[in-house]
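Structure first, then comments.
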Amino acid sequence: MGMEKHVLLGQHKELIQCLRSNYYPPCMAPEKVLGLSPHSDTSTITILMQDDDVIGLEIRHKGNWVPVTPISDALVVNVGDTIEIWSNGKYKSVEHRAVTNKNKRRTSHASFLIPRDDVEVEPFDHMIDAQNPKMYQKVLYGDYLRQSMKRKMDGKTHTDVAKIKEQVIEK
Ligand SMILES: O=C(O)CCC(=O)C(=O)O
Ligand SMILES: [Fe+2]
């Protein structure tokens, strides 16, 4: 985003790390049962450690679900909604889900890096110009996080609260 590392870090006020560990037991009918419904993370970035012997994570790319094949000793880094808002939509949060597996159990550990609750998140001025008008309104991170957590995971629909609605200009 054309910013020094410490400036971006400073935008968090305090860099908070939340950890979620997921366990997906073997499932008799993986074609019918998802491990985790489609969603994007509200974080700035998410660092994911996943088992390397079973595929489970999938990202949505051009309308298709694409498996993220594990690489030994490698972490997966996903862009979250906060970067999407700060970058005014230049860097989109990735929609993802976890599928189940008939024979193998799977574990994953997601580390969400997030700003402090009282940070007002909105697109950075330098990401806005005539070609890229402001797409997101100011949201208080704590409110955004809690509102998203209250909802059923449903793709990226929770990001609508931060989007500037199209103006209807009456003649
Ligand atoms: O299990 C996975 O690979 C995905 C986990 C995830 O998306 C999450 O915990 O938010
Ligand atoms: Fe996630």
Side-chain angles (χ1 to χ4, degrees), residues 1-3 5 8-9 11-12 15-117 119 121 123 127 135-136 139 141-142 144-163:
M1 283 196 284
M3 298 164 81
K5 193 165 74 177
L8 191 55
L9 212 52
Q11 294 293 329
H12 294 75
L15 187 67
I16 298 171
Q17 184 187 34
C18 297
L19 197 69
R20 174 158 64 202
S21 291
N22 303 292
Y23 174 69
Y24 309 99
C27 173
M28 301 277 284
E31 64 292 341
K32 289 193 190 141
V33 182
L34 282 175
L36 202 54
S37 299
H39 67 282
S40 62
D41 300 335
T42 62
S43 56
T44 310
I45 57 168
T46 302
I47 302 171
L48 185 85
M49 189 170 88
Q50 57 174 341
D51 286 348
D52 57 14
D53 60 342
V54 49
I55 295 176
L57 175 64
E58 294 185 340
I59 58 164
R60 211 215 273 281
H61 181 65
K62 295 184 178 160
N64 299 315
W65 288 108
V66 181
V68 179
T69 310
I71 300 171
S72 258
D73 299 328
L75 300 167
V76 176
V77 179
N78 279 334
V79 169
D81 301 335
T82 303
I83 287 282
E84 175 167 331
I85 299 170
W86 275 340
S87 73
N88 197 33
K90 184 169 179 187
Y91 301 109
K92 302 255 182 326
S93 60
V94 65
E95 186 176 344
H96 55 285
R97 67 179 188 179
V99 296
T100 49
N101 187 285
K102 205 167 191 145
N103 308 306
K104 286 188 171 170
R105 52 101 192 94
R106 173 173 178 268
T107 55
S108 70
H109 307 279
S111 160
F112 305 98
L113 300 179
I114 62 171
R116 218 166 64 185
D117 271 4
V119 171
V121 181
M127 303 302 292
M135 302 287 286
Y136 302 83
V139 285
Y141 184 72
Y144 182 75
L145 173 65
R146 275 160 198 85
Q147 280 189 40
S148 305
M149 286 174 72
K150 266 197 233 152
R151 299 169 64 123
K152 203 164 119 275
M153 280 183 180
D154 179 21
K156 290 186 67 172
T157 55
H158 64 281
T159 62
D160 286 350
V161 295
K163 286 195 182 133

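Model, not experiment: these values are computed from the prediction.
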- Side-chain contact test, heavy atoms from C-beta onward, threshold under 4.5 Å: evaluate it for Val68 versus His96 and give yes or no. no
Quiz item: If you draw a 6.0 Å radius around CG in Leu19, do more than 12 non-hydrogen atoms from other residues or ligands fall strictly inside?
Solution: yes
Between the NE2 atom in His39 and the OG1 atom in Thr159, the distance rounded to the nearest 0.5 Å is 13.0 Å
**Message:** For a side-chain contact (heavy atoms from CB on, under 4.5 Å) check, start with the C-alpha distance between Val94 and His61, then their side-chain angles and the critical distance, and finish with the verdict.
**Reply:** CA-CA 9 Å; Val94 65; His61 181 65; over 6 Å; no
Notebook entry, point to check: Hey, are the side chains of Thr44 and Pro115 touching, using non-hydrogen atoms and a 4.5 Å cut-off?
Noted result: yes
Which of Leu113, Val79, Ile114, Leu145 passes side chain to side chain contact (heavy atoms under 4.5 Å, CB included) with Ser43? It is Ile114
Determine whether Leu57 and Arg106 make a side-chain contact, defined as any pair of heavy atoms from C-beta on separated by less than 4.5 Å.
yes
Worksheet entry | Worked verdict on His12 versus Tyr141 for side-chain contact (heavy atoms from CB on, under 4.5 Å) | CA-CA 10 Å; His12 294 75; Tyr141 184 72; over 6 Å; no
ask   = Quick one: are Arg60 and Lys156 in side-chain contact, heavy atoms under 4.5 Å?
value = no
Asp81 and Ser40: side-chain donor and acceptor closer than 3.5 Å?
-> yes
When Asp41, Val77, Val76 are each screened for side chain to side chain contact (heavy atoms under 4.5 Å, CB included) with Thr46, the one that passes is Asp41
Any heavy-atom pair between the side chains of Asp117 and Arg146 that's under 4.5 Å? yes
Can you classify the ring geometry of Tyr144 versus His158 as parallel (below 30°), tilted (30 to 60°) or perpendicular (above 60°)?
tilted
*With a 4.5 Å heavy-atom cut-off, do Tyr136 and Val121 have their side chains touching?*
no
More than 12 non-hydrogen atoms from neighbouring residues, nucleotides or ligands closer than 6.0 Å to CG on Asp73, yes or no?
no
Would you confirm whether Asp51, through its side chain, and Val54, through its main-chain N or O, come within 3.5 Å as a donor-acceptor pair? no
CD1 (Ile47) and CD (Gln17) are apart, to the nearest 0.5 Å, by 7.5 Å
Quick check: are there more than 12 heavy atoms from other residues, nucleotides or ligands sitting under 6.0 Å from CE of Met135? no
Here the gap from Asp52 atom CG to Ser72 atom OG, rounded to the nearest 0.5 Å, amounts to 4.0 Å
* Asked: After noting the C-alpha distance and the side-chain angles of Leu34 and Val99, does the key distance pass the side-chain contact (heavy atoms from CB on, under 4.5 Å) rule?
  -> CA-CA 5 Å; Leu34 282 175; Val99 296; 3.9 Å; yes
Notebook entry, point to check: Taking the side chain from Glu58 and the backbone from Trp65, do they hold a donor-acceptor pair closer than 3.5 Å?
Noted result: no
Q.
Can you see whether Lys152 engages Ser37 through a side-chain donor-acceptor pair at a distance of less than 3.5 angstrom?
A. no
query = With distance as the sole test, does Thr42 use its side chain to make a donor-acceptor pair with the main-chain N or O of Thr82 at under 3.5 Å?
reply = no
- Item | Lys90 side chain to Met127 backbone, donor-acceptor under 3.5 Å | no
Would you check if Asn101 and Pro30 make a side-chain contact, meaning some heavy-atom pair closer than 4.5 Å? no
